Amino acid sequence: MRYSQLLLPTTKETPSEAEVVSHQLLVRGGFIRKLTSGMYTYLPLGFRALQKVIGIVREEMNRAGAQEILMPMVQPGDLWQESGRWKKYGPELLRFRDRHDRDYCLGPTHEEVVTDIARRELQSYRQLPINLYQIQTKFRDEIRPRFGLMRGREFVMKDAYSFDVDDAGASRSYEIMHRAYSRIFARCGLEFRAVEADTGTIGGSYSHEFMVLAETGEDTLVICDACAYAANVEKAAIVPLDEAAPDGAQQALARVATPGMKQVDKVAECLKVRPSDVIKTMIYLADGKPVAALVRGDREVQTVKLKNLLDANEVEALTEEQVWQQTRLPVGYLGPMDLDITVVADQEVMRMVDAVAGANEKGFHCTGVNPGRDFQPDVVGDLRQIAADDRCPVCGGSLRLKEGIEVGHIFKLGTNYSEAMAATFQDSDGQEKPFIMGCYGIGVSRVVAAAIEQNHDAKGIIFPVPLAPFQVIVLNLGPKDETFCRVAEGLYNDLRAQGLDVLYDDRDERPGSKFNDADLLGIPFRLTVGKTYEKEGKVELRSRRTGETELLPLDGAVAHIAGLVWQALA
Ligand code: ATP
Ligand code: MG
C-alpha cells in the first residue's frame with residue numbers, strides 16, 4: 001500500500017479521554033476513530049491489525065476441529081426467557097422491541113442461540129462431540145466503557161460452544177480449547193498466563209481466563225513462584241494460616257471516643273493497636289439489599305467472593321451517602337454489633353480476639369470486641385482478597401501479584417443451558433439426555449489493544465510481527481529523486497512479491513516526520529532508501545523492537561527481510 005493513498009490520519013494530539021496507552025496510540029496512529037461512547041470505526045490500519053488476530057484465531061480454531069458458523073447479532077427475547085437470563089442479565093443487555101412489539105436484544109454472547117441450534121439440529125450421540133464457533137460483533141451496554149478497544153460497548157469476539165455426551169467428553173473438549181487458546185496467544189507473540197477464574201454471569205462450574213500481562217490490566221493475577229498455580233484474585237482461595245489458636249477473650253466490650261478517626265490506620269494509631277486488630281466493616285448492596293462485610297483491618301473485601309458467598313447476582317459498593325440512606329449508619333464508625341442487616345465475615349475475622357470495631361455511632365469505636373461473643377455473623381467464609389504475603393493454595397509457596405488483561409475465557413457450562421432450554425440428544429442407550437456444554441470466548445478486538453499495552457515505548461507501538469498491520473515499511477527519503485523512487489519502488493514491489501505486507505512511504509514529507517510515523521505505527525521492520533544509498537548503494541534496515549540497524553546491499557536485501565519476517569511468524 002502506498003502511504004500517500006492510504007487513509008492513515010496520524011495526529012500529534014492525544015485525546016484527553018484516552019487514559020491508557022493503547023487507546024492513545026490507536027487514535028494517534030490513525031487506527032480507530034470514535035463514533036460514540038464505546039463504539040469505534042476501524043480505519044484501514046486498525047482493521048488490518050484486527051484481521052491479523054482474526055486470521056490466527058480462525059486457523060487455530062479450525063485446527064482444533066471447531067466449525068465456523070455465523071449467528072444473528074439480534075436475538076429474540078423469548079430465548080432469553082427460556083434460559084432465565086432475560087431477568088438475570090441486568091442492564092448490560094441492550095433490549096428493544098420490534099414493530100410487532102416483540103422483545104429483542106443485541107447479543108452480548110450466544111449461549112441461547114447456539115443451544116437453540118443444537119436442540120433443533122443435533123438429535124443423536126453420533127453427531128457429538130461438536131464445537132461451533134463464530135467471529136462476530138457483540139454488544140454489551142457496559143456501565144463504564146473506556147480504554148478504547150479494551151472495554152467497548154460494541155466489540156469483536158470469537159465465541160465457541162461445545163456439545164458433548166458426557167462429562168469426560170466435555171473435559172476433553174475443554175482441554176482442546178485450553179490448548180488452542182495457548183497456541184493462539186503464543187502465535188500472537190504475547191506474554192500471557194492461563195489462570196483459574198470466577199465463572200460470572202455466564203454460569204458454569206469451572207473456568208480459566210487467558211491474561212495478557214501488562215501493567216495497565218484491569219485484572220490482578222496471583223502467580224506462584226514455586227508451582228504452576230495462577231489465579232485471578234477474584235477467585236484465588238485463601239489458605240488460613242495454621243498458627244496456634246488464639247487465646248480467649250481478655251477484655252470486656254467498651255465504648256471509646258474516636259472523634260474524626262474514620263480510617264483503620266488512624267483508629268489503630270489512636271487506640272495503640274495494629275491495623276490487623278481492627279475489624280473493618282463495609283456496607284454493600286447485594287441484589288438491592290444492604291449487607292455488611294467484615295475483614296481484618298489490613299485486608300480488602302473481594303466483592304466477587306462476597307457475591308458468591310451470598311449467591312447474589314449483583315453486588316455494588318456504596319458511597320458514604322448511599323450507606324446513610326440505606327442503613328442510617330455512619331461510614332468510618334461501622335461495626336458488626338447489633339446490625340439488623342445480613343453480616344458476612346471473613347474466616348480470619350472469627351480468629352480475632354479483643355479487637356477494635358466501630359460502634360455504629362459517629363465518633364465512637366468499641367474495644368474488646370470478640371467475634372462469637374459480641375456478635376454472630378450470618379455467613380462466614382473466604383471473603384477477602386488474596387495478598388502478596390499469602391501462601392500458594394496448592395503448594396504453600398510464595399506468591400506474586402501481577403496485572404493482566406483478560407483476552408480469553410473458557411468455561412465448562414455443564415447442563416445449565418441445555419436443561420433450561422430442553423436441548424437433548426438420544427444417547428447410545430436410547431435415553432434422551434441434555435447436552436454437556438462448554439463455551440469459549442476471545443476478545444478479538446481487545447487483543448489488539450492488549451498487544452499494544454504490552455508492546456510500546458515512548459515513540460509508539462511495537463507490534464509483534466504476527467499482529468502488525470504491515471510487516472515492513474519502505475521509506476523513500478527522496479520522493480522527488482528519480483533514482484530513489486526507482487529503488488524504493490523496486491524494493492516495495494519485490495517485498496510484496498515475497499508475500500509480505502508492505503507499506504511504502506512515498507509521501508513528500510521531511511525524513512524526521514517519516515521516521516516518527518514509522519515508529520508511532522509500530523511496523524516491525526523499517527527499510528530506508530536515503531543517504532546511505534546515495535553514498536554506498538546500501539539501504540538501511542531497522543528493527544522497531546531492538547532499534548538495531550544494518551546496512552544491506554540492494555542485492556539480497558529482500559530475501560534477507562523476508563527471512564526475518566518468516567522467522568518471526570514461525
Ligand atoms: P470482563 O470481565 O473484562 O468484562 P467478561 O468476563 O465479561 O470480561 P466474557 O463474557 O468472558 O468477558 O467474554 C469473552 C471475552 O470477550 C473476554 O475474555 C474479553 O476478552 C472480551 N470482552 C468482554 N467484554 C468486553 C468489552 N466490553 N470490550 C472488549 N472486549 C470484551
Ligand atoms: Mg464483562
Side-chain angles (χ1 to χ4, degrees), residues 49-50 52-68 129 131-135 156-162 164 168-200 202 204-214 217 219-232 234-236 392 394 400 402-413 437-455 463-468 567-570:
L50 187 73
K52 289 287 173 89
V53 180
I54 289 175
I56 292 171
V57 168
R58 181 173 279 135
E59 263 180 47
E60 293 301 332
M61 289 302 292
N62 291 345
R63 186 205 297 266
Q67 303 174 37
E68 187 166 6
N131 183 325
L132 301 172
Y133 81 98
Q134 64 175 347
I135 298 169
V156 179
M157 198 201 285
K158 185 287 297 174
D159 45 328
Y161 307 88
S162 64
D164 274 275
S171 294
R172 271 194 302 278
S173 296
Y174 187 89
E175 278 316 311
I176 289 170
M177 282 296 107
H178 195 295
R179 279 201 299 277
Y181 275 40
S182 298
R183 286 184 60 94
I184 286 169
F185 298 118
R187 274 190 63 190
C188 286
L190 299 172
E191 199 194 336
F192 70 97
R193 289 277 194 298
V195 302
E196 284 180 22
D198 183 71
T199 49
I202 302 260
S205 48
Y206 187 65
S207 91
H208 284 88
E209 284 165 346
F210 287 76
M211 297 280 190
V212 165
L213 303 182
D219 285 274
T220 307
L221 328 181
V222 41
I223 298 171
C224 178
D225 284 326
C227 76
Y229 177 76
N232 193 317
E234 291 179 346
K235 154 101 181 185
C392 171
V394 174
R400 249 174 329 134
K402 258 191 179 283
E403 309 311 313
I405 300 165
E406 180 195 323
V407 287
H409 201 167
I410 59 178
F411 297 83
K412 265 189 182 172
L413 290 173
M437 291 172 58
C439 76
Y440 318 92
I442 291 182
V444 172
S445 44
R446 187 183 282 182
V447 170
V448 174
I452 297 171
E453 291 296 332
Q454 194 180 73
N455 300 279
F463 270 115
V465 178
L467 302 190
Q567 196 187 336
L569 294 178

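Note that the coordinates shown come from a computational prediction; the quantities given were computed from them, not determined experimentally.
- A side chain to side chain donor-acceptor pair (under 3.5 Å) with Tyr133 holds for exactly one of Glu68, Lys158, Gln67; it is Glu68.
- Note that CD of Glu406 is 7.5 Å distant from CG of Asn232, once rounded to the nearest 0.5 Å.
- Among all heavy-atom pairs drawn from Gly217 and Ile405, the shortest one is CA-CG1, 3.6 Å.
- Taking every heavy atom of both residues into account, Ala160 and Asn131 meet most closely at CB-OD1, 3.5 Å.
- With hydrogens and angles disregarded, no donor-acceptor distance shorter than 3.5 Å links the side chain of Lys52 to the backbone of Pro466.
- Closest of all the heavy-atom pairs between Gly408 and Tyr181 is CA-CE2, 4.2 Å.
- Between the side chains of Lys412 and Ser173, no donor-acceptor pair is found at a separation under 3.5 Å.
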Expected list for residues 185-196: side-chain donor-acceptor pairs under 3.5 angstrom, two or more places apart:
from: Arg187; atom 1: NH1; to: Glu59; atom 2: OE1; distance (Å): 3.0
from: Arg187; atom 1: NH1; to: Glu60; atom 2: OE2; distance (Å): 2.8
from: Arg187; atom 1: NH2; to: Glu59; atom 2: OE1; distance (Å): 3.1

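- Note on ring orientation: taking the six-membered ring where Trp is involved, the planes of Tyr206 and Tyr174 are tilted (angle from 30° to 60°).
- Distance CD/Glu403 to OG1/Thr220: 4.0 Å, rounded to 0.5 Å.
- For the atom pair Ile184 CD1 and Phe210 CZ, the distance stands at 9.0 Å (nearest 0.5 Å).
- Two residues are said to be in side-chain contact when any heavy atoms from C-beta on lie closer than 4.5 Å; Met177 and Met61 meet this criterion.
- If you take CD on Glu234 and CG on Leu221, they are separated by 10.5 Å, rounding to the nearest 0.5 Å.
- Ring planes of His178 and His208: perpendicular class, angle over 60° (limits at 30 and 60°).
- To the nearest 0.5 Å, the span separating CG on Leu50 from CG on Leu467 amounts to 10.5 Å.
- The shortest heavy-atom contact between Leu213 and Gln454 is O-NE2, 2.8 Å.
- One distance of note links CE of Met211 with NE2 of His409; it measures 8.0 Å at 0.5 Å rounding.
- In this view, Tyr229 satisfies the side chain to side chain donor-acceptor pair (under 3.5 Å) rule with no residue, not counting sequence neighbours.
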